[in-house]
Amino acid sequence: MTMAGQLRIGVEDDTGADLGFVLSCLALGMITMEEFHQWIHMVIDNIPGNDVPPHLIALLAVKNRANVFRPNEAVMRRIPHDPFITDDRFDAMLGLQFFMRRDKTQANDITQAEAEEALRANPDVADRFFALFPFLMEKAA
């Protein structure tokens, strides 16, 4: 199991829930590539004994967001899944994306109002987001 402190960041099996959530945030435009790299540096800084998974180092070298999600033996063979992300929580993530970025939601099948309502109904999404990205708290304030 690949853990960084208490983070689940594996890619070989179902131990990558936190990385899966972070990658979903990146895909939805909730975070930028710069913030994604900032998160990886934060994780690496908290890994005991410098036992850094190679995929984290490889992800730091990826500059183009689209390339993060292409299957690549050198980076990640598979994108980890986060079982936390249900349909309702996905909609809430879109609401948070709008709140954080003040731009149009990435989804075509949900309105901004629906996304914001989903976020109100699923406060655990914002809790999870800010637990994983404490350095974005002041941006949201």
Side-chain angles (χ1 to χ4, degrees), residues 1-48 50-141:
M1 182 184 305
T2 303
M3 305 278 285
Q6 294 302 310
L7 292 176
R8 293 164 299 159
I9 53 169
V11 290
E12 300 306 316
D13 50 27
D14 291 330
T15 59
D18 292 326
L19 181 57
F21 183 84
V22 168
L23 290 168
S24 295
C25 290
L26 180 65
L28 292 174
M30 295 168 68
I31 60 170
T32 64
M33 277 302 284
E34 183 182 339
E35 290 162 346
F36 177 56
H37 288 155
Q38 193 176 347
W39 179 81
I40 293 171
H41 284 293
M42 181 188 77
V43 171
I44 289 171
D45 290 346
N46 289 295
I47 292 179
N50 282 342
D51 189 19
V52 179
H55 61 272
L56 286 186
I57 301 296
L59 283 167
L60 282 174
V62 178
K63 301 300 181 216
N64 183 327
R65 187 173 85 163
N67 291 339
V68 171
F69 302 100
R70 291 202 175 98
N72 181 333
E73 289 296 316
V75 182
M76 291 184 299
R77 283 195 292 282
R78 65 190 284 274
I79 302 294
H81 168 69
D82 182 8
F84 173 83
I85 304 174
T86 59
D87 287 349
D88 288 346
R89 287 180 179 144
F90 181 84
D91 289 350
M93 290 172 76
L94 294 172
L96 188 58
Q97 184 268 343
F98 181 83
F99 175 76
M100 292 294 296
R101 300 298 162 199
R102 302 278 186 246
D103 60 4
K104 191 165 78 55
T105 174
Q106 299 285 328
N108 299 327
D109 58 343
I110 186 173
T111 67
Q112 176 189 333
E114 289 169 333
E116 289 172 350
E117 176 55 37
L119 181 57
R120 279 192 292 281
N122 294 278
D124 52 342
V125 169
D127 294 344
R128 177 112 195 255
F129 181 83
F130 290 114
L132 285 167
F133 301 103
F135 54 88
L136 292 179
M137 282 295 283
E138 59 192 49
K139 195 173 269 186

Inset, instruction - Using atom types as modelled and distance alone, determine if a side-chain donor or acceptor of His37 lies under 3.5 Å from a backbone N or O of Ala61. - result: no
Legend entry - Neighbour count above 12 (heavy atom, 6.0 Å) for Asp87 CG: no
Inset, instruction - Check whether any side-chain heavy atom of Met93 sits under 4.5 Å from a side-chain heavy atom of Phe21, and report yes or no. - result: yes
Inset, instruction - Output, in order, the C-alpha distance, side-chain angles, deciding distance and verdict of side chain to side chain contact (heavy atoms under 4.5 Å, CB included) for Met30 and Phe133. - result: CA-CA 11 Å; Met30 295 168 68; Phe133 301 103; over 6 Å; no
Legend entry - Full working for salt bridge (Lys or Arg N to Asp or Glu O under 4.0 Å) between Asp82 and Arg89: CA-CA 11 Å; Asp82 182 8; Arg89 287 180 179 144; over 6 Å; no
Inset, instruction - Look up atom CG in Asp88 and atom CG in Asp124, then write down how far apart they are to the nearest 0.5 Å. - result: 10.0 Å
Inset, instruction - Supply the atom-to-atom distance Gln112 CD to Glu117 CD, rounded to the nearest 0.5 angstrom. - result: 13.0 Å
Inset, instruction - Could you pull out the closest heavy-atom pair between Arg8 and Thr15, with the gap in Å? - result: CB-O, 3.1 Å
Legend entry - Shortest non-hydrogen separation from Gly16 to Pro80 and the atoms involved: O-CB, 3.3 Å
Inset, instruction - Run through Val62, Leu23, Leu56 and flag the one making a side-chain contact (heavy atoms from CB on, under 4.5 Å) with Met76. - result: Leu23
Legend entry - Spatial distance of atom CD1 (Ile85) from atom CZ (Arg128) [nearest 0.5 Å]: 7.0 Å
Inset, instruction - Any chance you could measure Arg70, atom CZ, to Ile79, atom CD1, to the nearest 0.5 Å? - result: 11.5 Å
Inset, instruction - Answer whether the closest heavy-atom distance between the side chains of Glu114 and Asp91 falls below 4.5 Å. - result: no
Legend entry - Audit row: Phe84, Asp18, side chain to side chain contact (heavy atoms under 4.5 Å, CB included) steps and yes/no: CA-CA 9 Å; Phe84 173 83; Asp18 292 326; over 6 Å; no
Inset, instruction - Kindly say whether Val11 contributes a backbone atom to a donor-acceptor pair with the side chain of Arg78 at under 3.5 angstrom? - result: yes
Inset, instruction - Identify the heavy atoms of Arg65 and Gly29 that sit nearest to each other, and give their distance. - result: NH1-CA, 3.5 Å
Inset, instruction - Working to the nearest 0.5 Å, report the span between CZ of Phe69 and CG of Asn67. - result: 10.5 Å
Inset, instruction - Check whether any side-chain heavy atom of Glu35 lies under 4.5 Å from a side-chain heavy atom of Cys25, and answer yes or no. - result: no
Legend entry - Which atom of Gly95 lies closest to which atom of Leu119, heavy atoms considered: C-CD2, 3.8 Å
Inset, instruction - Would you give the length of the straight line joining atom CG of Leu19 to atom CG of Leu7, rounded to the nearest 0.5 angstrom? - result: 9.5 Å
Legend entry - Short side-chain to backbone donor-acceptor contact, Asn72 and Ala74, under 3.5 Å: yes
Legend entry - Flag side-chain contact, heavy atom, 4.5 Å: Ile31 against Gln38: no
Inset, instruction - Taking the side chain as every heavy atom from C-beta outward, state whether Ile9 and Pro53 have any atom pair closer than 4.5 Å. - result: yes
